[in-house]
Amino acid sequence: MFPVEKIRADFPILQRKVNGKSLVYFDNAATSQTPKVVIDAIVDYYSNYNANIHRGVHSLSQEATDQYEEARIKIQHHFSAKKVYEIIFTAGTTHGINMVASGFSELLENGDEIIVSALEHHSNIVPWQMLCEKTGAVLKVIPMLQNGTLDMNSFDEILSDKTKLVFCNHVSNALGTINPIKEIIEKAHKVGAAVLIDGAQATPHIKPNLQELDVDFYVASAHKICGPTGVGVLYGKEQWLQKLPPYQGGGEMIETVTFEKTTYAGLPHKFEAGTPNICGGIAFGVALDYMNTIGFDKIAVYEDELLQYGTKKLQEIDGLTIYGMSDKTAVISFNVDGIHPYDIGVILDKLGVAVRTGHHCAQPIMNFYKIPGTVRASFAFYNTKEEIDVFITALQKAILMLS
Ligand SMILES: *Cc1c(COP(=O)(O)O)cnc(C)c1O
């Protein structure tokens with residue numbers, strides 16, 4: 001039995017009421033909640049050893065540096081990266097993608113091609129469009145199919161020796177689809193293209209082995225994996241990180257500076273200009289420890305039970321359509337005939353149930369289905385079947401009021 005009641009006690013926020021009702025938090029794909037160990041780590045940092053890192057000889061600075069670098073090692077082990085300096089701290093997924101896109105603006109030429117998938121988050125579309133404008137490279141799209149998966153035959157057709165980069169999310173945030181990234185990486189490598197995988201939505205559910213995947217870049221955000229906002233990770237293979245120019249100039253990323261010439265520091269500092277989110281990085285490590293103690297295998301099995309249960313319950317409702325029915329994580333994106341998703345979201349909130357409504361930063365997917373948006377219920381390992389029952393009752397109430 002998955003110890004969900006014990007786990008729920010680790011999350012103070014799950015005890016609160018919203019609009020007089022017990023909170024049912026089903027917006028985990030937007031951000032996860034924070035366990036007390038992570039909150040304690042943040043309080044401990046500011047209460048006991050807040051200091052700037054890598055610079056001071058004094059004790060607090062040493063302690064902060066040690067904890068921060070230890071977090072980097074935890075992240076390295078979690079993602080099975082070969083070298084600890086292949087782990088770059090970022091402000092989050094969006095920041096990591098922009099770092100790579102900006103670096104590639106110096107490596108691409110007019111007529112080169114880059115490929116993105118139709119299932120992307122805006123943060124994985126817009127930076128590449130900006131990159132294409134700057135370099136004259138051409139953006140190609142792997143189309144999607146009705147069931148919410150990628151059309152891999154079309155991928156074979158658009159892939160060529162002109163392809164320099166391929167970008168795809170590991171799991172779609174709008175639909176939950178788990179993409180065949182191993183196959184994408186293998187095929188891209190055959191034509192000599194690099195691959196960046198956006199792991200923001202996969203990492204709460206799947207522990208990826210980056211060496212085994214042989215991926216060139218992988219990005220994620222701590223706040224979707226029980227950590228704080230404003231911190232994340234960019235993994236890059238050593239040879240790629242050596243090749244890319246630094247993203248920002250500033251302190252911490254230099255070796256020597258004169259007004260004539262600056263030489264850059266080695267990895268990972270070359271990409272970490274300025275004072276980072278020290279506390280956030282440390283708390284990120286604590287969050288990964290917490291989730292690993294529960295175990296990603298167990299989390300995946302339990303969340304799938306929630307997904308199957310929720311899907312079955314929703315399918316019993318007349319006029320309800322679920323988008324994306326494939327191999328997926330615990331995300332259910334749906335609409336009810338004749339009702340705007342926003343209206344459903346507002347009434348659910350009045351009843352204490354938090355879901356996301358709208359286009360989920362993935363307008364191309366909504367355009368594909370010709371809908372303005374969806375209601376998205378996304379589950380985490382601390383949710384329960386009882387909460388799904390509360391949600392279904394609230395949804396039925398909303399449908400009655402709105403139809
Ligand atoms: C949340 C998310 C992002 C953006 O993450 P930030 O933490 O906002 O930078 C990017 N891609 C996917 C798939 C996401 O789910």
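Numbering of ligands and ligand atoms starts at 1, following listing order. Quick caveat: nothing in here was measured; it's all calculated off a predicted structure.
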Could you check Y247 against F271 for ring-ring contact (aromatic ring centres under 6.0 Å, His included), going step by step and ending with a plain yes or no?
CA-CA 6 Å; Y247 179 58; F271 292 101; 8.5 Å; no
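Heavy-atom neighbours of D297 CG from other residues, nucleotides or ligands within 6.0 Å: at or below the threshold of 12.
The distance from atom CD1 of I97 to atom CD of E120, rounded to the nearest 0.5 Å, is 8.0 Å.
A cation-pi arrangement is not found for K237 relative to W240, the charged atom failing to lie both closer than 6.0 Å to the ring centre and inside a 45° cone about the ring normal.
Looking at H269, its side chain never comes within 3.5 Å of a backbone N or O of E272 through a donor-acceptor pair.
Ligand 1 is surrounded by T93, T94, H121, S123, N173, D198, A200, Q201, S221, H223, K224, each with at least one heavy atom closer than 4.0 Å.
A salt bridge between E86 and K82 is absent, with no side-chain N of the basic residue lying under 4.0 Å from a carboxylate O of the acidic one.
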